[in-house]
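Heads up: the structure comes next, in structure tokens.
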Amino acid sequence: MSDASLDMNQPNWLRGIKRGDPAQARTVMQVVYQRLLHEILTLELKPGEVLSENMLAERLGVSRTPVREALVLLATKQLVDIYPQRKTIVAPIRISNLKKSQFIRESLEINLIKKALESEHHLALYEELSKQIALQETCIKTGNTDAFYASDEEFHRCIVYYADLPELWADIADAKLHMDRARQFTLKHIDSMAEIIEQHRAIALAIKSGKSETAEIAVKEHLRKIFQHLSLTAKQFPEFFELDS
């Protein structure tokens, strides 16, 4: 059978990866990992949901090996809980993980903004952030939550880029995984999105002014807002959360 035939028999999201090629085995695992990660972060796979290697392998059109390896990697991120010989479940949203996630992200972004303000391009950064804010306002009007989320990501990625440390975006993305999952409970509300836009505008204006202290305050207010919603959200969805002991 030709490589082309093998490719056509695969699900669309795995096209281009040759089955049976040892050099591509890790790539398959990474694709499976990214797929499961997306489903966990968007709550398509809900906290507490049991994950069967066989069922996931069948659904995704792969063997059990990349599924098993992807689940182990997700476990290192504390997004799934593996109980050997028993079961694997999507981990609850743990408040302790959220606190750590928020602390790391805040520390990184505050220092990145300071570095961006040290350059001569902070006004260009302000213009880029303003474009994202305008796009986010359009997303509210059209009810496009997915595009709003993408623009929110781009807003923060712009800061990393203008700090001339683009490689740090991967660290921020990794640090904020638990925050991303928790905010799914509030992101779909118009009031919440409008609040995010106002916080983004405060950050952008602080960057325009060139005042790092003002920018730091705006970033802290933005990234700590999640804790104001946690108490109510955890009471509404107690089955999804694990509070501090």
Side-chain angles (χ1 to χ4, degrees), residues 6-7 9-105 108 145-146 149-150 153 167-188 226 230 233-234 237-245:
L6 284 170
D7 191 64
N9 288 332
Q10 296 187 99
N12 290 336
W13 63 285
L14 276 177
R15 292 281 168 83
I17 298 176
K18 298 177 184 177
R19 286 180 172 173
D21 184 348
Q24 298 288 342
R26 182 162 179 79
T27 302
V28 174
M29 184 280 288
Q30 290 171 336
V31 174
V32 172
Y33 166 77
Q34 290 295 334
R35 175 70 174 263
L36 295 178
L37 176 64
H38 173 77
E39 292 181 3
I40 289 172
L41 294 183
T42 58
L43 302 181
E44 291 178 50
L45 291 173
K46 295 179 172 52
E49 188 168 337
V50 177
L51 301 174
S52 162
E53 287 183 13
N54 287 332
M55 291 180 65
L56 288 173
E58 183 178 353
R59 174 164 70 87
L60 299 177
V62 298
S63 68
R64 288 178 58 188
T65 299
V67 171
R68 185 183 307 113
E69 292 174 348
L71 290 174
V72 169
L73 184 53
L74 288 165
T76 67
K77 310 289 187 183
Q78 299 187 52
L79 292 170
V80 304
D81 293 335
I82 298 176
Y83 301 93
Q85 311 304 321
R86 293 174 56 197
K87 63 181 178 180
T88 297
I89 66 170
V90 179
I93 299 173
R94 297 186 170 99
I95 304 303
S96 58
N97 283 339
L98 278 173
K99 289 179 178 179
K100 181 173 70 174
S101 179
Q102 189 278 333
F103 178 83
I104 294 172
R105 183 180 182 187
L108 285 170
T145 306
D146 290 340
Y149 178 84
E153 293 280 284
E167 65 276 7
L168 278 184
W169 178 250
D171 297 282
I172 291 175
D174 195 51
K176 70 188 186 70
L177 290 176
H178 298 284
M179 294 179 70
D180 286 345
R181 191 157 65 132
R183 73 173 176 171
Q184 290 296 321
F185 290 97
T186 58
L187 189 59
K188 293 180 173 60
I226 189 171
L230 274 180
T233 304
F237 305 95
E239 69 276 19
F240 294 158
F241 285 82
E242 183 179 292
L243 304 180
D244 293 340
S245 55

* To do: Could you tell me which residues satisfy side chain to side chain contact (heavy atoms under 4.5 Å, CB included) with Leu168, sequence neighbours excluded, listed by chain and number?
  => Leu112, Val160, Leu165, Asp171

* Asked: Are Gln34 and Val31 close enough that some pair of their side-chain heavy atoms sits under 4.5 Å apart?
  -> no

* **Test item: Glu239 and Lys46 side chains (from C-beta on) under 4.5 Å apart, heavy atoms** => no

* Asked: Can you name the residues that form a salt bridge (Lys or Arg N to Asp or Glu O under 4.0 Å) with Glu153, not counting sequence neighbours?
  -> Lys176, Arg183

* **Shortest non-hydrogen separation from Val32 to Pro66 and the atoms involved** => CG1-O, 4.2 Å

* **side chain to side chain contact (heavy atoms under 4.5 Å, CB included) against Phe103, all qualifying residues, sequence neighbours excluded** => Ser107

* Residues two or more places apart in sequence or in another chain: which of them pass side-chain hydrogen bond (donor to acceptor under 3.5 Å, both in side chains) with Glu39? -> Arg35, Arg59

* Asked: More than 12 foreign heavy atoms under 6.0 Å from CD of Glu58: is that the case here?
  -> no

Residues 82-93 side chain polar contacts: donor-acceptor under 3.5 Å, at least two apart:
none

* Phe241: partners by ring-ring contact (aromatic ring centres under 6.0 Å, His included), with sequence neighbours left out -> Phe185

* Asked: Quick one: does Glu69's side chain get under 4.5 Å of Val72's, heavy atoms only?
  -> no

* Just jot down the side chain to side chain contact (heavy atoms under 4.5 Å, CB included) partners of Asn54, sequence neighbours excluded, or say none. => Ser52, Arg64

* Identify, with sequence neighbours excluded, every residue that meets side-chain hydrogen bond (donor to acceptor under 3.5 Å, both in side chains) alongside Lys99. => Asp244

* With Leu36 as reference, evaluate Leu71, Leu41, Leu51 under the side chain to side chain contact (heavy atoms under 4.5 Å, CB included) test and give the passing residue. => Leu71

* Structure fact -> Here the salt bridge (Lys or Arg N to Asp or Glu O under 4.0 Å) pairs for residues 72-84, sequence neighbours left out, are Lys77-Asp174, Asp81-Arg94

